[in-house]
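Chain identifiers are assigned alphabetically (A, B, ...) following the order of the sequence lines, protein sequences preceding nucleic acid strands; residue numbering begins at 1 within each chain. Scope of the values below: all heavy atoms of this structure, side chains included, with no hydrogens, waters or symmetry mates.
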Amino acid sequence: SNDLTQPPSVSVSPGQTARITCSGDNVGEKFASWYQQRPGQSPVLVVFQDNKRPSGIPDRFSGSNSGNTAILTITGTQVLDEADYYCQTWDSSTVLFGGGTRLTVL
Amino acid sequence: EVQLLESGGGLVQPGGSLRLPCEASGFTFNSHWIHWVRQGPGKGLMWLSRINGDGNVATYARSVKGRFTISRDNAKNTVYLQMEGLTAEDTAVYYCVRESTSQGLFFDHWGQGTPVTVSS
């Protein structure tokens with residue numbers, strides 16, 4: 001299967017660490033990327049090549065990818081990080097997205 | 001500044017067709033693969049199609065292959081998504097997305113999206 005599975009929701013308190021998982025067969029064999037989507041907005045790249053951050057993305061965002069699981073970690077989560085997060089990789093010529101995780105910060 | 005501007009969305013009847021242009025600016029257009037991704041109401045992201053910089057290689061998601069056609073006009077810095085045989089399940093916001101030229105396949109710029117509603 002080339003499906004990517006994410007938990008539908010994750011909740012954290014401000015200042016805590018949020019971890020969002022992305023599971024799939026041998027996902028660690030390909031680079032994983034993560035996108036943040038706030039309500040009513042287009043997705044924004046927050047992590048690429050497993051653990052790199054684009055310019056302008058705070059260093060509280062980090063990633064890892066090994067085996068069958070990629071993980072997005074947000075350290076010191078802030079209220080403004082509340083959003084939907086999607087993992088993404090690819091398989092031959094098909095692009096794969098996870099189902100998305102709603103991060104609630106309260 | 002990199003910009004991707006989709007247009008052409010709107011209301012279309014079931015069985016109808018629609019063509020979505022995506023006009024790009026702020027970068028060397030023919031150096032990048034361009035993709036289309038959609039998002040149904042309250043749903044996640046779904047990849048649809050991609051086309052290479054020269055416009056001679058295109059791939060599609062299984063669910064739209066044969067109904068959707070991607071193309072590009074590098075002289076106009078524009079990518080198109082031609083959609084045929086539309087059904088209610090095609091109702092979504094359609095995003096034009098730029099693939100990075102860095103290693104790995106990921107999207108470094110997204111358009112603002114154009115909404116498509118399929119309804120009678």
Same cluster (ILVMFWY, side-chain, under 4.5 Å), B:Val2 and B:Ile51: yes
Heavy-atom cut-off 4.5 Å, strictly under: side chain, backbone, both or neither for B:Ser49 against chain A? neither
Could you tell me which portion of A:Gln41 (side chain, backbone, both or neither) has an atom closer than 4.5 angstrom to a non-hydrogen atom of chain B? backbone
Cluster overlap A:Val10 with A:Trp34, hydrophobic side-chain contacts below 4.5 Å: yes
Non-hydrogen atoms of chain B under 4.5 Å away: do they reach the side chain of A:Pro43, the backbone, both or neither? both
Any idea which heavy atoms bring B:Leu45 and A:Phe97 closest together, and the distance? O-CB, 3.7 Å
Does A:Gln49 offer a backbone N or O that forms a donor-acceptor pair with the side chain of B:Gln103 under 3.5 Å? no
May I have the step-by-step check of side-chain contact (heavy atoms from CB on, under 4.5 Å) for A:Tyr86 and B:Gln39, ending in yes or no? CA-CA 12 Å; A:Tyr86 296 90; B:Gln39 186 170 35; 3.2 Å; yes
Residue from A:Pro54, A:Gly98, A:Ser93 scoring the most non-hydrogen pairs under 4.5 Å with chain B is A:Ser93
Would A:Leu72 end up clustered with A:Leu4 when hydrophobic side chains under 4.5 Å apart are linked, directly or stepwise? no
Heavy-atom contact with chain A under 4.5 Å, split by part of B:Val37: side chain
Would you call A:Leu45 and B:Phe107 a side-chain contact if the rule is heavy atoms closer than 4.5 Å? no
What's the shortest heavy-atom distance between B:Leu105 and A:Gln88, and which atoms? O-NE2, 2.8 Å
With clusters defined by side-chain heavy atoms of hydrophobic residues (ILVMFWY) lying less than 4.5 Å apart, directly or transitively, does B:Tyr60 cluster with B:Met83? yes
Whether A:Tyr35 and B:Trp110 hold their rings parallel, tilted or perpendicular, with breakpoints at 30° and 60°: perpendicular
Hydrophobic cluster identity match, A:Val79 and A:Tyr85, side-chain contacts under 4.5 Å: yes
Examine whether an atom of B:Phe106 lies under 4.5 Å from a heavy atom of chain A, and if so say whether it belongs to the side chain, the backbone or both; otherwise answer neither. both
Please report the shortest heavy-atom distance between B:Gly113 and A:Ser42, naming the atom on each side. N-OG, 4.5 Å
Portion of B:His109 that has a non-hydrogen atom of chain A nearer than 4.5 angstrom: neither
Tell me if the CZ atom of A:Arg60 is crowded by more than 12 foreign heavy atoms within 6.0 Å. yes
Side chain, backbone, both or neither: which part of A:Ser33 has an atom under 4.5 Å from a heavy atom of chain B? side chain
